[in-house]
Amino acid sequence: MKRIFILLMLFMFTTCLFPRADILIDDIPSQLPGKVYFYAGVRDFEKHYDRLLKSSFWDVFSESEMKKGMEQSRKGLRLNQELDKYENVLGFTFIENNFRNLLGNEVGIALYDFKDLQSVYVIKVDKQNKVKRFLLKNKGKLKEYSYKEITFYGFDEGDSDYTFGILFTDDYVFISNKIELIRDVIDVRSGVTTDSLKNNAEFNAGTSVIKDSYDGFAFFNLDECAGNRYFQRYWFPQNNPFFKTIDNELVIYNLDKKQIREHRYYTFKEPHNAKVPVKEIYNLIPNGIFSFSVKSFDSSSALVCSLFLGEEEVARGYNQSVGKDTPLGLWALELKQAKPEISEKDLGSVFGPSVAFINVVRFEKTLGEISSLLILERKDDRKAWDKLLKYLEKHYNKRHQLSNESLIKMKEKKKGEFRILYPDIPNRPEEFLPALIIGKNFYIFPANLSTGEYFLDILGKDSVSNILGKDPVSYTHLTL
């Protein structure tokens, strides 16, 4: 699965690796068809690709369960199917050495259809044009085609779902898994149509929020995405209702030494006062951890809907990474029962709208292990909180109780200003017990007791609060 992971990296990581710029200097959007679902551009890609593979982040991530989960997800398997077509046409596999030949100092990728992942990958080439030389040497089943007196290479045997095209110009190479998109690129470049991405009104509206220097950006046309059934099926199966309120999303990246920071901005259909996460939540995030993401929902009920009813991708990832025996996992499972013992109102009474999702790396000898935590804003409704704790005790007794005499209770440890609660389950090592942490203004939900204690050990004065942006709707950070 090494080849698919390279492609996954292209979609998910390389959009984070940009050089500093003060204005939109990427010229690729002016040469692409305008109606896209997604566009991302990368400058100095080859240099950052090498840097990524040599980073400690990559060492840990490439051996992690998170990576394996990505490969086996519906997204990963779907991308793998499409990659089979590329390899069959070109006659070579996308192993690392071959993939390196398709890198350039400036690249862009635009997605036009989710069903077959129809996209255009653009590479700005240097004078040596190693990309062109490599592809002409390994052109496999590609044949010469002509369109508007311009020659390009393609594969088309009459199956509209299985075509391929490559266009070489003096400065760029355009690669697409849809031959018609290459013809569209030629129309844009030759001036036959002015319907380019650079002239797209939604693209311009989304990128208009860029006022200060940045390291890069990615654009998502979420209004179009929300109405696409393949997007709902493979990318956000629960059809998050949040998408119905916004037109597009812009993600701005900043690269600072070994840190990548990501800010997300939304263009809403109607006037919307977006909630900003309470700033105190950043004080609970140690600087230099593996990654974190912070956001605020419009209300506590919106948070409960997203985190506990399966409509939030991040929360599903958290529950999958820590198992279903954790407090959050158990509450989420109970809500979906025909006659649940707890309610959405109970959860909305104890949790505020701000949330942080954190990944920390714990090094055991020479191996690194990625563990997840979720931080939720705390509201003081003692009655609702006691009800939630009582349900946890009942579940743990039902599942793990050895006899009627050995009742399992929630035990407590104190660590500074924090209280750690965990069930005293017989015959289970304490470090692997499910746990939750109570702070003054926040609840912390670790993968297990050991992770919780480790997190509190590294939680000190050196927090990430000093790298706050200008109050974006959400904030994500990755340490290389």
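These values consider heavy atoms only, across backbone and side chains, with no hydrogens, waters or symmetry-generated copies.
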> Under 4.5 Å between any side-chain heavy atoms of L449 and E430, yes or no?
Replying inline: yes

> Do S450 and E431 have side-chain atoms, one donor and one acceptor, less than 3.5 Å apart?
Replying inline: no

>> Let me confirm one number: the OG-CD1 distance from S176 to I109, rounded to the nearest 0.5 Å.
In response: 10.0 Å

> When rounded to the nearest 0.5 angstrom, what is the spacing between CH2 in W331 and CG in L388?
Replying inline: 5.0 Å

> Who passes side-chain contact (heavy atoms from CB on, under 4.5 Å) against K379, sequence neighbours left out?
Replying inline: S300

>> In the structure I gave you, are the side-chain heavy atoms of S354 and S296 within less than 4.5 Å of one another anywhere?
In response: yes

>> Using a 6.0 Å distance limit plus a 45 degree cone around the ring axis, check whether K413 lies over the aromatic ring of Y422.
In response: yes

> Just wondering, do L421 and L389 contact through their side chains at under 4.5 Å, heavy atoms?
Replying inline: yes

>> Restricting to side chain to side chain donor-acceptor pair (under 3.5 Å), what partner residues turn up for D381, sequence neighbours left out?
In response: none

>> Taking the ring centre of each residue, are Y37 and F114 less than 6.0 Å apart?
In response: yes

> If you measure from OG on S349 to CD on E344, what distance do you get to the nearest 0.5 Å?
Replying inline: 11.5 Å

>> Looking at E393 and M410, would you say the former's side chain and the latter's main chain have a donor-acceptor pair under 3.5 Å?
In response: yes

>> Between R428 and L433 (side chain of the first, backbone of the second, donor and acceptor by atom type, cut-off under 3.5 Å), is there such a pair?
In response: no

> Minimum heavy-atom separation for A332 to F308, with atom names?
Replying inline: CB-O, 3.6 Å

>> Can you give me the closest heavy-atom contact between L303 and V355, atom names plus distance?
In response: CD1-CB, 4.1 Å

>> Once rounded to the nearest 0.5 Å, what's the spacing between atom CG of L392 and atom CD1 of I408?
In response: 12.0 Å

> Taking all atoms of both residues into account, what is the closest heavy-atom pair of A435 and I420, and its distance?
Replying inline: CB-CG2, 4.3 Å

> Under 6.0 Å between ring centres, would you say that holds for F38 and F220?
Replying inline: yes

> Does any non-hydrogen side-chain atom of R378 lie less than 4.5 Å from one of F351?
Replying inline: no

> Less than 4.0 Å between a side-chain N and a carboxylate O, is that true for K178 and D113?
Replying inline: no

>> Ring-plane angle category for W385 and Y443, please: parallel below 30°, perpendicular beyond 60°, tilted otherwise.
In response: parallel

> Taking it one step at a time, do V122 and V107 satisfy side-chain contact (heavy atoms from CB on, under 4.5 Å)?
Replying inline: CA-CA 5 Å; V122 190; V107 305; over 6 Å; no

> Taking the six-membered ring of Y396, is NZ or CZ of K394 closer than 6.0 Å to its centre and within 45° of its axis?
Replying inline: no

> Okay, side chain of T451, backbone of A447: is any donor-acceptor separation there less than 3.5 Å?
Replying inline: no

> What distance separates L373 CG from Y454 OH, expressed to the nearest 0.5 Å?
Replying inline: 10.5 Å

>> Could you go through E202 and N221, starting from their C-alpha distance and side-chain angles, then the distance that decides it, and tell me whether this counts as side chain to side chain donor-acceptor pair (under 3.5 Å)?
In response: CA-CA 8 Å; E202 293 181 340; N221 190 341; 2.7 Å; yes

>> Rounded at 0.5 Å granularity, tell me how far CD1 in I444 sits from CZ in R419.
In response: 13.0 Å

>> Evaluate Y39 against I28 for side-chain contact (heavy atoms from CB on, under 4.5 Å), listing each step before the verdict.
In response: CA-CA 10 Å; Y39 173 78; I28 292 177; 3.6 Å; yes

> Checking side-chain contact (heavy atoms from CB on, under 4.5 Å) for the pair I175/I123: CA distance, chi angles, key distance, verdict?
Replying inline: CA-CA 8 Å; I175 305 174; I123 311 160; 4.1 Å; yes

> D346 side chain to K387 main-chain N or O, any donor-acceptor pair under 3.5 Å?
Replying inline: no

> Is a salt bridge present between D380 and R382, judged by a nitrogen-to-oxygen distance below 4.0 Å?
Replying inline: no

>> For S119 versus Y112, what's the shortest heavy-atom pair and its separation?
In response: CA-CD1, 4.3 Å

>> When you measure from the side chain of N177 to the backbone of L117, do you find a donor-acceptor pair of N or O atoms at a distance under 3.5 Å?
In response: yes

> What pairs meet the salt bridge (charged side-chain N to carboxylate O under 4.0 Å, His left out) rule with one or both residues in residues 435-444, with sequence neighbours excluded?
Replying inline: none

> Does a salt bridge link D325 with R399, judged by any charged N lying under 4.0 Å from a carboxylate O?
Replying inline: yes

> Tell me, do V304 and K345 make a side-chain contact under 4.5 Å, heavy atoms counted?
Replying inline: no

> So which heavy atom on P434 is nearest to which on T326, and how close?
Replying inline: CB-CA, 4.2 Å

>> Tell me the closest heavy-atom pair linking I375 and I358, and the distance in Å.
In response: CD1-CD1, 3.5 Å

> Checking ring pair (Phe, Tyr, Trp, His ring centres under 6.0 Å) for the pair F203/F219: CA distance, chi angles, key distance, verdict?
Replying inline: CA-CA 7 Å; F203 180 77; F219 169 78; 5.3 Å; yes

>> Please determine whether side-chain contact (heavy atoms from CB on, under 4.5 Å) holds for the pair L376 and F445, giving the CA-CA distance in whole Å, both sets of side-chain angles, and the decisive distance to 0.1 Å.
In response: CA-CA 8 Å; L376 295 177; F445 295 90; 3.9 Å; yes

